[in-house]
Amino acid sequence: MSIYEVYALKYAGPFVRTGAHLMWYRDWEMIEKINYYIWCIRGGGETVVVDTGVAPQLAGEMQLDGYVNPAEVLLRMDIKADEVRHVVVTHMHFDHSGGVNLFPEATFYVQEAEYRFWVENPVAARPPFKHVSDAVSTAYLASLEGTDRLVLLKGDQQIMPGINCLLAPGHTVALQAVAVHTARGTAILGSDCAHVFRNYHEDWPSVLIVDLVGWMRTYDKLREAASARDLLFPGHDRRMLEDFPQVAKDVTRLV
Ligand SMILES: [Zn+2]
């Protein structure tokens, strides 16, 4: 089985958030900076991109601070977005799936329940859900249904030896984390199962909870799967950029 390396690539931010955004219903006065990231897994001649970031048009409409096209950030690692073959979409919030059209050759791996919710469930059009989704990228994924470019996963599934998608609900209906076989054992790219490292360390979720009981079970599952506590990576912590070896501008090697 290949040994993989895992990289975080910042594509927007920093953004100021209150503590209560990052630690649900706590720390109202605290202020913290976060970033938007995509991730990249490399090893054995394979490249898997985890999440897509936001496409330039949406970033312009939203006036995202510090935005760089995720395809340009990938180029700093000599990865051409239009040649990437494998993209895991952890969940269908705009900051994670809003750049699917930057990857015209990719197969996208999404949990079926996550996909069905955003594409088919009328609740997804209600304000709190609409607020965090992106109609353009959701429609793009829907246009791929039935082709080999969209793989709808049903629960925990391996996408290649040493890379497993783990169903991890809580923040969304069917968010998926990615378990990666690395030199240090299994690392977990947990995306927004934790916005910051503190969520894992303090056993406390962040915001946009669709299933709080499920979220706590997700923490049990991901802790069990990770080979060490410091191999659990969150979705938005600025420390992923600041505390790890930089390999290119705004690109760090997590493990
Ligand atoms: Zn997010």
Side-chain angles (χ1 to χ4, degrees), residues 6-24 32-40 49-55 58-59 61-70 73 87-100 102-103 108-111 114-115 117-118 124 127-138 141 165-178 188-200 204-212 214-215 218-219 222 232-241 250 252 254:
V6 181
Y7 300 86
L9 299 84
K10 179 201 156 200
Y11 74 89
F15 303 100
V16 174
R17 297 284 187 263
T18 62
H21 180 116
L22 304 173
M23 302 295 285
W24 174 70
E32 173 81 70
K33 285 184 181 158
I34 61 145
N35 295 316
Y36 286 1
Y37 298 94
I38 63 172
W39 298 268
C40 172
V49 172
V50 176
D51 285 340
T52 66
V54 172
L58 179 61
E61 289 165 14
M62 299 183 78
Q63 301 189 309
L64 285 185
D65 282 343
Y67 174 79
V68 179
N69 185 332
V73 187
V87 175
V88 174
V89 175
T90 63
H91 62 300
M92 288 168 64
H93 283 169
F94 75 91
D95 53 324
H96 298 264
S97 62
V100 284
L102 302 173
F103 299 91
F108 296 96
Y109 302 85
V110 193
Q111 284 291 323
E114 179 78 8
Y115 173 83
F117 173 77
W118 292 104
F129 291 99
K130 196 176 174 192
H131 180 67
V132 289
S133 63
D134 167 40
V136 173
S137 53
T138 298
L141 285 175
C165 291
L166 304 180
L167 178 61
H171 179 66
T172 65
V173 170
L175 190 152
Q176 60 185 353
V178 187
I188 302 289
L189 286 174
S191 185
D192 289 357
C193 291
H195 277 63
V196 290
F197 285 104
R198 276 180 73 203
N199 298 119
Y200 287 127
W204 198 273
S206 52
V207 286
L208 293 167
I209 299 169
V210 301
D211 177 2
L212 185 53
W215 199 322
T218 283
Y219 279 167
L222 298 186
L232 284 166
F233 294 99
H236 291 281
D237 202 309
R238 62 186 172 81
R239 290 162 195 85
M240 278 189 285
L241 179 67
D250 289 348
T252 49
L254 300 178

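In listed order, ligands and their atoms are each counted from 1. Numbers here simply count residues along the sequence, with the first being 1.
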Review point. What angle, to the nearest 10°, do the atoms NE2 (H236) and OD2 (D192) form about the Zn ion (ligand 1)?
Key: 110°

Practice item. Answer yes or no as to whether an N/O/S atom of H93 is found below 2.8 Å from the Zn ion (ligand 1). Key: no

Check your understanding: Does the side chain of S206 come under 3.5 Å of the side chain of H195 through a donor N or O and an acceptor N or O?
Key -> yes

Study note, to complete from the structure: Here the N/O/S atom of D95 closest to the Zn ion (ligand 1) would be OD2

Review point. Looking just at side-chain N and O atoms, do D192 and H93 make a donor-acceptor pair shorter than 3.5 Å?
Key: no

Point to revise | Inter-residue atom distance N35.CG - L241.CG, 0.5 Å rounding | key: 5.5 Å

Exercise for review: Dump the intermediate steps for side-chain contact (heavy atoms from CB on, under 4.5 Å) on M23 and N199, then the final yes or no.
Suggested key: CA-CA 7 Å; M23 302 295 285; N199 298 119; 3.3 Å; yes

